[in-house]
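Read the structure below first, then the notes.
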Amino acid sequence: MKELQTGFPKGFLWGGATAANQIEGAYNEGGKGMSTSDYAAYKDPYATGKVDNFTFNVTSKELAEYKENEANYLFPKRWGIDFYHRYEEDIALFAEMGFKTFRLSISWARIFPTGLEAEPNEEGLAFYDKVFDTCAKYGIEPLVTMSHYEMPIALTEKYNGWASRELIPLFDKYARVLFNRYKSKVTYWITFNEMNMNLNSLYTGAGILEDLIDPEKKLEVTYQASHHQFLASALAVKAAREIMPEAKVGCMINQIESYALTTKPEDQLQALKSNQLNMFYPDVQARGEYPSYMARYFADNNIHVAMEEGDEEILKAGKVDYVAISYYMSHVTEAREDASELAGSFDSPIKNEHLELSQWDWPIDPIGLRISLMKLYDRYEIPLFVCENGLGAKDELTEDGKIHDEYRIDYIRKHVEQMKEAIKDGVDLMGYTTWGCIDLISCGTSQMSKRYGFIYVDQDDKGQGSLTRYRKDSFNWYKEVIASNGEVL
Ligand code: BGP
């Protein structure tokens with residue numbers, strides 16, 4: 001029997017997480033091509049009266065309009081927080097907090113501007129070399145996501161993104177270039193960010209313009225695209241094993257635990273099914289095959305996923321080393337017509353009266369994190385990584401340059417406490433990278449004012465500001481947490 005583990009293990013990977021399209025900026029520098037995220041236009045949430053005004057989906061008409069009349073729109077993911085030019089200062093601040101790891105993603109379009117080139121863009125590769133070398137200077141291990149909610153827009157225009165099988169060899173080429181180039185600098189990899197979010201946004205998750213597909217076939221396309229990504233991910237695992245046998249490659253989902261609204265067996269059954277729809281993703285990637293429960297779901301929903309000979313072998317050979325999750329909230333579900341559609345969605349119509357909400361109406365549930373970790377570990381018995389967790393909140397910069405964000409400290413403290421409990425419950429947890437360790441552009445709403453960081457960045461939703469970095473109160477708190485390996489909370 002495994003020994004009782006109290007406290008965080010030695011070598012626990014504390015740190016923070018980001019994504020290229022939310023921090024880098026410099027969208028048209030260094031030979032980078034345009035990405036899908038470069039066309040996420042800002043829609044003023046205050047004008048529409050909605051706090052959560054998702055800029056997740058883009059239609060073919062919108063894309064054409066954005067290209068034609070660019071000057072009429074704001075595209076915050078094009079400017080990010082200028083990490084491209086300020087990475088040295090930012091990584092130095094992470095090092096000051098004592099980060100052991102820094103999660104970032106590589107922009108596919110920086111390496112292959114359209115995804116179709118035979119040779120990679122050297123300037124793009126050189127940029128990440130500099131970033132990894134700066135991390136190495138401080139003893140920070142990079143944790144690299146290969147595809148975090150963006151891809152060359154050319155692949156959307158030519159193939160309608162991952163709806164097409166043609167993307168698999170293109171991703172394989174990209175993966176091999178990354179592994180050959182960075183094998184001595186990067187040990188920890190994640191293939192796709194939050195793959196289960198394909199259920200929510202085909203554009204953000206898979207580069208698909210939804211209006212170009214038959215609405216009746218939306219679910220089928222969702223699972224077909226996911227199948228292509230599963231294969232691409234498995235092939236990347238295979239390539240990693242060949243090129244850099246020491247590397248650890250993980251999969252990732254947005255873990256949203258669904259609770260049943262009542263003790264009615266029908267509601268309990270629905271909760272189980274909703275959880276299955278999310279866990280389907282790591283089920284395939286960690287077990288190397290489609291789980292049996294999906295056969296009925298596919299039949300009931302008239303979904304036919306086209307598979308080719310050899311696909312099953314590829315999935316089998318491409319099992320991941322660990323399962324990474326982002327964790328922000330739990331959900332409540334009940335037996336109702338649209339219950340399956342709500343699985344994995346950020347928006348749940350059923351409120352949990354026992355939980356408080358963030359300023360963006362996200363339910364705050366630290367115990368849900370412990371439940372998630374215990375369930376996932378029971379299911380896969382391979383290491384887990386919490387690679388995103390945090391509180392999006394409005395911060396106030398005082399006149400003397402301070403940010404008193406005790407609400408953020410409180411949020412993270414409670415989640416760290418629950419991770420500690422989960423470790424005691426037997427979970428093998430590799431690390432914890434809080435989301436948006438430095439303020440960045442929101443993925444869902446493209447806002448700057450939804451801040452997650454320990455480091456404040458002086459910039460507003462419209463891209464105005466000095467971009468000066470300030471340490472928040474949480475900065476010093478997290479430094480202590482890391483220094484004490486999670487003992488001082
Ligand atoms: C996850 C994404 C991140 C991130 C985070 C917070 O789904 O992987 O990219 O931004 O959610 O979401 P938001 O920025 O919408 O608050």
Side-chain angles (χ1 to χ4, degrees), residues 16-24 35-38 40-43 45 50-57 76-77 80-81 83 102-108 143-151 190-206 229 250-257 278 281 323-331 343-348 357-364 369 372 385-395 408 411-412 415 432-453 457 459 461:
T18 60
N21 75 90
Q22 295 170 262
I23 60 168
E24 282 180 9
S35 312
T36 45
S37 55
D38 291 324
Y42 177 73
K43 296 175 184 148
K50 278 185 77 184
V51 268
D52 245 349
N53 196 4
F54 289 112
T55 56
F56 258 165
N57 278 312
K77 289 174 186 166
I81 54 160
F83 178 80
F102 168 43
R103 177 174 176 231
L104 72 161
S105 72
I106 291 181
S107 163
W108 187 350
L143 165 60
V144 175
T145 317
M146 298 162 66
S147 178
H148 192 132
Y149 285 168
E150 65 172 323
M151 54 194 277
I190 290 171
T191 52
F192 289 89
N193 183 61
E194 295 184 339
M195 254 186 80
N196 58 324
M197 294 307 282
N198 284 350
L199 299 170
N200 272 283
S201 171
L202 282 176
Y203 181 77
T204 299
Q229 290 180 334
C251 65
M252 179 191 171
I253 56 162
N254 179 12
Q255 170 61 20
I256 300 184
E257 181 66 25
N278 281 317
Y281 287 88
V323 174
I325 62 166
S326 54
Y327 178 83
Y328 294 92
M329 64 177 84
S330 57
H331 264 185
S345 150
F346 273 113
D347 249 346
S348 171
L357 300 177
S358 76
Q359 287 167 334
W360 270 261
D361 289 348
W362 289 15
I364 300 172
L369 175 57
S372 297
F385 202 122
V386 178
C387 69
E388 279 186 36
N389 170 240
L391 178 71
K394 289 182 190 131
D395 287 333
R408 183 167 294 108
Y411 179 101
I412 297 176
H415 285 80
Y432 177 63
T433 49
T434 63
W435 176 250
C437 45
I438 180 164
D439 292 347
L440 39 65
I441 308 292
S442 154
C443 165
T445 65
S446 292
Q447 287 170 291
M448 186 69 210
S449 48
K450 189 178 189 188
R451 296 172 183 275
Y452 285 89
V457 177
Q459 179 175 246
D461 285 347

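When a ligand or atom number is given, it counts from 1 through the structure's own listing order.
- Numbered from 1 in the order shown, with element, the atoms of ligand 1 that lie under 4.0 Å from a heavy atom of H148 read 2 (C), 3 (C), 8 (O), 9 (O).
- To the nearest 0.5 angstrom, S442 atom OG is 12.0 Å from R451 atom CZ.
- Under a 4.0 Å criterion applied to the non-hydrogen atoms of N193, ligand 1 contributes the atoms 8 (O).
- For E388, a nitrogen or oxygen atom sits less than 3.5 Å from a nitrogen or oxygen atom of ligand 1, counting backbone and side chain alike.
- Checked against a 3.5 angstrom limit, the closest N/O atoms of E194 and ligand 1 fall inside it.
- Ligand 1 places these atoms under 4.0 Å from at least one heavy atom of K450: 13 (P), 15 (O), 16 (O).
- Near G444, with a cut-off below 4.0 Å to any heavy atom, the atoms of ligand 1 are 13 (P), 14 (O), 15 (O).
- For T191, the side chain to side chain donor-acceptor pair (under 3.5 Å) partners at least two apart in sequence or on another chain are S233.
- Atom-to-atom distance recorded for M197:CE and C443:SG is 7.5 Å, nearest 0.5 angstrom.
- Taking N21 as the reference, nothing meets the side chain to side chain donor-acceptor pair (under 3.5 Å) condition, with sequence neighbours excluded.
- Those atoms of ligand 1 with a heavy atom of S442 less than 4.0 angstrom away are 13 (P), 14 (O), 15 (O), 16 (O).
- Not a single N or O atom of M252, backbone or side chain, sits closer than 3.5 Å to an N or O atom of ligand 1.
- Looking only at side-chain heavy atoms (C-beta outward), I412 and Y432 come within less than 4.5 Å of each other.
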